[in-house]
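Structure first, then comments.
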Amino acid sequence: MSVLEVRALSKAFGGVRAVNDVAFVVEPGEFLAMIGPNGAGKSTCFNMINGQLAPDSGEILLEGKNIAGLAPRAIWRLGVGRTFQVAATFGSMTVVENVQMALLSHAGEIYRFWRPVAQMHRVRALDLLGQVGMQDAADRPSRELAYGDVKRIELAIALANEPRLLLMDEPTAGMAPRERNELIALVKRLVVERGVSVLFTEHSMDVVFAYADRIIVLARGRVIADGNAAAIRDNAKVREVYFGTGKTFAGAAS
């Protein structure tokens with residue numbers, strides 16, 4: 001069974017169809033990239049899968065269960081993690097406290113008052129920070145971190161609910177080439193070890209073609225191509241959408 005199956009998904013804003021009859025699957029352990037030019041419908045599609053937007057029509061099946069229209073919290077509890085294009089943490093909290101908050105939420109303990117929380121799930125939080133290379137910064141205030149390190153903390157938070165599916169919207173946005181390759185290599189290693197499926201959007205073509213197992217391409221709200229890196233690179237329709245005819249993805253890095 002596929003981890004995620006999207007069927008005939010559509011969403012319109014006024015008279016504009018942002019997503020139009022989109023269908024695709026994410027297989028167990030797959031590292032799937034969703035690419036497309038600005039306005040292709042990628043973020044709208046992500047936001048429907050994550051519950052931030054309700055689809056006008058279609059189904060979103062998580063291991064066979066239709067989650068279309070559920071709230072983000074409900075989808076999180078079903079095992080879907082999420083990172084965002086602009087990463088953010090609670091700056092007034094330490095690094096480890098940010099991860100502890102995610103673990104408390106996953107355990108349903110956020111609203112249990114009059115209990116000391118400083119040590120709750122700390123060991124597990126430190127373990128997650130170790131997995132993303134940030135354990136040494138555990139007790140630093142999050143506001144002191146460089147942006148690349150914030151991205152790593154966000155990844156640790158996204159893994160706190162032990163997701164079966166991880167959604168990553170522009171995970172390397174705002175990062176230098178070396179940082180973004182290090183982050184994606186880290187993500188791929190972790191998800192392979194955990195058997196997590198990943199659906200990610202990305203504008204950096206070097207990242208997409210180096211790390212994605214499969215690529216789907218959206219344009220004007222529709223899927224126009226689906227295949228491995230070689231097939232997508234050689235697809236005439238994809239080249240036309242991105243560059244106009246006669247050009248290729250060779251050397252494209254952003």
Side-chain angles (χ1 to χ4, degrees), residues 1-7 9 11 18-19 22-36 40-55 58-89 99 102 105-106 128 132 150-175 180 183-184 186-192 194-204 207-208 211-218 221 223 226:
M1 179 185 294
S2 301
V3 173
L4 180 72
E5 183 177 358
V6 173
R7 297 177 178 173
L9 197 63
K11 181 70 177 180
V19 173
V22 164
F24 63 89
V25 299
V26 183
E27 301 295 351
E30 188 171 34
F31 205 64
L32 175 63
M34 176 187 289
I35 66 172
K42 304 184 299 299
S43 292
T44 301
C45 193
F46 255 57
N47 288 335
M48 287 190 285
I49 295 170
N50 191 56
Q52 292 176 302
L53 288 174
E59 295 181 311
I60 304 166
L61 304 179
L62 179 66
E63 296 183 336
K65 175 182 174 66
N66 190 5
I67 62 171
L70 292 183
R73 179 181 292 274
I75 294 172
W76 154 268
R77 293 197 181 281
L78 289 173
V80 179
R82 173 79 189 263
T83 69
F84 294 85
Q85 182 174 348
V86 179
T89 58
V99 183
S105 176
H106 180 52
L128 286 168
V132 300
V150 173
K151 286 280 192 177
R152 289 174 179 260
I153 304 308
E154 185 187 39
L155 176 59
I157 291 170
L159 295 173
N161 69 331
E162 300 180 356
R164 302 191 298 280
L165 173 67
L166 180 59
L167 305 175
M168 305 187 76
D169 192 3
E170 297 285 350
T172 70
M175 302 178 75
R180 68 190 184 213
L183 179 67
I184 292 297
L186 170 65
V187 172
K188 187 150 190 180
R189 176 177 63 79
L190 288 175
V191 300
V192 167
R194 291 165 167 263
V196 178
S197 301
V198 176
L199 173 64
F200 71 104
T201 67
E202 184 58 63
H203 278 299
S204 299
V207 168
V208 170
Y211 293 99
D213 298 321
R214 184 164 59 93
I215 303 165
I216 57 176
V217 185
L218 267 63
V223 175
D226 183 339

Contacts of type side chain to side chain donor-acceptor pair (under 3.5 Å), residue Asn66, not counting sequence neighbours: none
Beyond-backbone contact of Val187 with Tyr211, side-chain heavy atoms, under 4.5 angstrom: no
CD1 on Ile157 to OG1 on Thr83, rounded to 0.5 Å: 10.5 Å
Heavy-atom pair with the smallest gap, counting every atom of Leu128 and Ala156: CD1-O, 3.9 Å
Arg180 side, atom CZ; Met175 side, atom CE - distance, nearest 0.5 Å: 9.5 Å
Carboxylate-amine/guanidinium contact Asp169 Arg82, below 4.0 Å: yes
Close side-chain approach of Phe31 to Val192, heavy-atom, < 4.5 Å: no
Shortest non-hydrogen separation from Gly58 to Ala68 and the atoms involved: O-CB, 4.3 Å
N/O donor-acceptor pair under 3.5 Å between Thr201 side chain and Ile35 backbone: no
Nearest-0.5 Å distance that lies between atom CD1 in Ile60 and atom CE in Met48: 6.5 Å
Ser197 versus Val3, closest heavy-atom pair with distance: OG-CG2, 3.3 Å
Residues in side chain to side chain donor-acceptor pair (under 3.5 Å) contact with Glu202, at least two apart in sequence or another chain: Thr172, Ser204
Over all atoms of both residues, closest heavy-atom pair of Ala18 and Thr44: CB-OG1, 3.9 Å
Least distance between heavy atoms, Lys151 atom then Phe84 atom: NZ-O, 3.5 Å
Flag, side chain of Lys11 to backbone of Cys45, donor-acceptor distance under 3.5 Å: no
Any donor-acceptor pair under 3.5 Å from Gln52 side chain to Pro72 backbone: no
Side chain Lys42, main chain Gly36, donor-acceptor under 3.5 Å: yes
Gap separating the CG atom of Asn161 from the CH2 atom of Trp76, nearest 0.5 angstrom: 4.0 Å
Residues which pass salt bridge (charged side-chain N to carboxylate O under 4.0 Å, His left out) with Arg152, listed by chain and number, not counting sequence neighbours: none
Gap between atom CD1 of Ile215 and atom CG of Leu32 - 0.5 Å precision: 9.0 Å
Pairwise distance CG(Leu190) to CG(Leu166) - rounded to 0.5 angstrom: 10.0 Å
Side-chain touch Leu4/Phe24, heavy atoms, less than 4.5 angstrom: yes
Closest non-hydrogen atom pair, Ile75 against Ile49: CD1-O, 3.5 Å
Stepwise side chain to side chain contact (heavy atoms under 4.5 Å, CB included) test for Val22 and Ile216: CA-CA 11 Å; Val22 164; Ile216 57 176; over 6 Å; no
Side chain to side chain, Glu63 and Leu78, heavy atoms closer than 4.5 Å: no
